[in-house]
Amino acid sequence: MGKITFPKDFIWGAATASYQIEGAVNQDGRGESIWDRFSHTPGKVLNGDTGDVACDHYNRYKEDVQLMKELGLKGYRFSVAWPRIYPQGKGQVNQKGLDFYNSLVDELLKAGIEPIVTLYHWDLPQALQDIGGWDNRDVTDYFADYAFKMYDVLGDRVKKWITHNEPWVVAFVGNAFGEHAPGYKDFALAVRITHHLLLSHAKAVQAYRQSGNDDGGQIGITLNLTPVYPDSDSPEDSEAVQFQDGFQNRWFLDPVFKGAYPEDILEFYQEKYNAPVIRPGDMELIADNHIDFLGINYYTRAVVKKGRESGFDSVEHVHPEGKYTEMGWEVYPEGLYDLLMRIHRDYNAPNIYITENGAAFKDDKVVDGIVDDQDRLEYLKSHFEAAYRAIQDGVNLKGYYVWSFMDNFEWAYGYSKRFGIVYVDYETLKRTPKKSALWYRDVIADNGF
Ligand SMILES: OC[C@@H]1[C@@H](O)[C@H](O)[C@@H](O)c2[nH]c(CCc3ccccc3)c[n+]21
């Protein structure tokens, strides 16, 4: 591709999440989260790593915003730690928690960086998990109350809100696969939780519309969407694609955009798991609370074939030849183009933001003050090109937030996987922009490359 220039006002940003960068877990009244409990449970996180210190962003946020400004970021996506606001999940508010996010937003605006705030990026207050967590329908109301409080406190300056980060991961990785907090392995529980997450999303959107702070404001949801391809053109493999696409993508896209679960998956879940539990009025609430934008987290594609066992959900993942990241995810920028075109075609999505895209590679070490992460630079460049082609073909893509602004706590992998465009030395907590960050700075300055 020759030189490409993105649309005027395209938002070039970077993303993080509270538990992954803040640290200061016992500072200023923060309550325990399910990730504090999970990471401190032996055997759950690689090397016994925890988010206790992480990047200590809670105490270093002014320095971090200054670095974002030096890179010329137009936008910054971060999440609010619910346990800093309501240490018990509900009831007593922690003013020092509100003070932190107020100061962070003020620093960002002073630096000319537009904040986009995620209300839930996995750090549920442990006190709510103790009463059932997302399986307890009351938590959907406590989430709406927490959201309303954040709109009230930040809503005059924060004009882009994301209710949930990746409800699929929250439900299935945390409650069916057992690999994330709270660590259950119960598929029926996970399916029930998807419904409560979507219900809480709708209630938080409704609260935003009622908050009086939604003038010029936009609210959406971030989904991890994965385009699914068949290993062969056999009917069995097509059925495997249909299930995988429904399980990962349509189960969330359909309710959010069409107000109803996809029939094929709903029937399968009700038959096999007697889930989800849907009350009269639930689907109307979800249908009536439209989003202003869709956040898409894209990392890779899936290639599937029919598995050995029988059944709609019999799916086996195939790993084609090619380049893979440190997470074992295939580098497949074409998948981003195909995904964006599909969302445009099948869901007529309003505005879209890539709220996460990035990669972990092992080329991350500081040599003479430089981290020569050429793999990450090329990963980002190829995905920016795919996004550009989608824009040219009509997709309303308005911004792109690279995952991640800096190396951070990578959930069950602890600090062993580095996604940052800025390197963090976990001994000294010194931040060092990588080669990809310096290249990104030029992309932002030129609005293209
Ligand atoms: O793994 C890199 C990032 C995480 O650090 C973010 O917190 C999270 O939003 C996020 N989602 C994905 C893709 C979905 C996924 C997450 C975890 C496990 C499997 C798939 C990748 N990432």
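Just the heavy atoms: all of them, side chains too, but no hydrogens, waters or symmetry mates, feed the values below. In each ligand, atom 1 is the first atom listed, and ligand 1 is the first ligand listed.
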Report all side-chain donor-acceptor pairs from residues 182-190 shorter than 3.5 Å, counting only partners two or more places apart or in another chain.
unit_1, atom_1, unit_2, atom_2, d
Asp186, OD1, Ala188, N, 3.1
Asp186, OD1, Leu189, N, 3.0

In ligand 1, the atoms that come under 4.0 Å of a heavy atom of Phe419 are 1 (O), 2 (C)
Quick check: Glu356 and ligand 1, any N/O pair under 3.5 Å apart? yes
If you measure every N/O of Asn224 against every N/O of ligand 1, is any gap under 3.5 Å? no
Please list the nearest protein heavy atom to atom 5 (O) of ligand 1 with its residue and the distance rounded to 0.1 Å. Glu410 OE1, 2.7 Å
If the condition is salt bridge (Lys or Arg N to Asp or Glu O under 4.0 Å), which residues does Lys258 pass it with, not counting sequence neighbours? none
In this structure, does ligand 1 have an atom that sits under 4.0 Å from one of the heavy atoms of His121? yes
Atom 21 (C) of ligand 1: the protein heavy-atom neighbour that sits closest, reported with distance to 0.1 Å: Tyr299 CE1, 3.2 Å
Which atoms of ligand 1 have any heavy atom of Asn165 under 4.0 Å away? 9 (O)
Could you list which atoms of ligand 1 come closer than 4.0 Å to a heavy atom of Gln20? 5 (O), 6 (C), 7 (O)
Would Trp411 count as a contact of ligand 1 if the rule is a heavy atom under 4.0 Å away? yes
Tyr229 six-ring face occupied by Arg301 cation (under 6.0 Å, within 45°): yes
Kindly check if the number of other-residue, nucleotide or ligand heavy atoms within 6.0 Å of CG (Asp346) is above 12? yes
Atoms of ligand 1 close to Asn297 [distance to a heavy atom under 4.0 angstrom, numbered from 1]: 9 (O)
Indicate the atoms forming the closest heavy-atom contact of Thr163 with Ala204, along with that distance. CG2-CB, 3.9 Å
Using the six-membered ring of Tyr423, assess whether NZ or CZ of Arg418 lies under 6.0 Å from its centre and within 45 degrees of the ring axis. yes
Who's the nearest protein heavy-atom neighbour of atom 18 (C) of ligand 1, and how far? His180 CE1, 4.4 Å
For atom 15 (C) of ligand 1, grab the closest protein heavy atom and report residue, atom and distance to one decimal in Å. Val169 CG2, 3.8 Å
Parallel, tilted or perpendicular, judged at 30° and 60°: which one describes the rings of Phe143 and His164? parallel
Please state whether Trp122 comes within less than 4.0 angstrom of ligand 1, counting heavy atoms only. yes
Pi-cation contact, Tyr401 with Arg77 (under 6.0 Å, within 45°): no
Ignoring angles and geometry beyond distance, decide whether Asn408 reaches within less than 3.5 Å of ligand 1 through its nitrogen or oxygen atoms. no
Expected output: side-chain Asn357 to main-chain Tyr298 donor-acceptor under 3.5 Å: yes
Short N or O distance, Glu166 and ligand 1, threshold 3.5 Å exclusive: yes
Does Trp329 come within less than 4.0 Å of ligand 1, judged by its heavy atoms? yes
Please say whether the positively charged group of Arg84, taken as NZ for Lys or CZ for Arg, lies over the ring of Tyr58, i.e. under 6.0 angstrom from the six-membered ring centre and within 45 degrees of the axis. yes
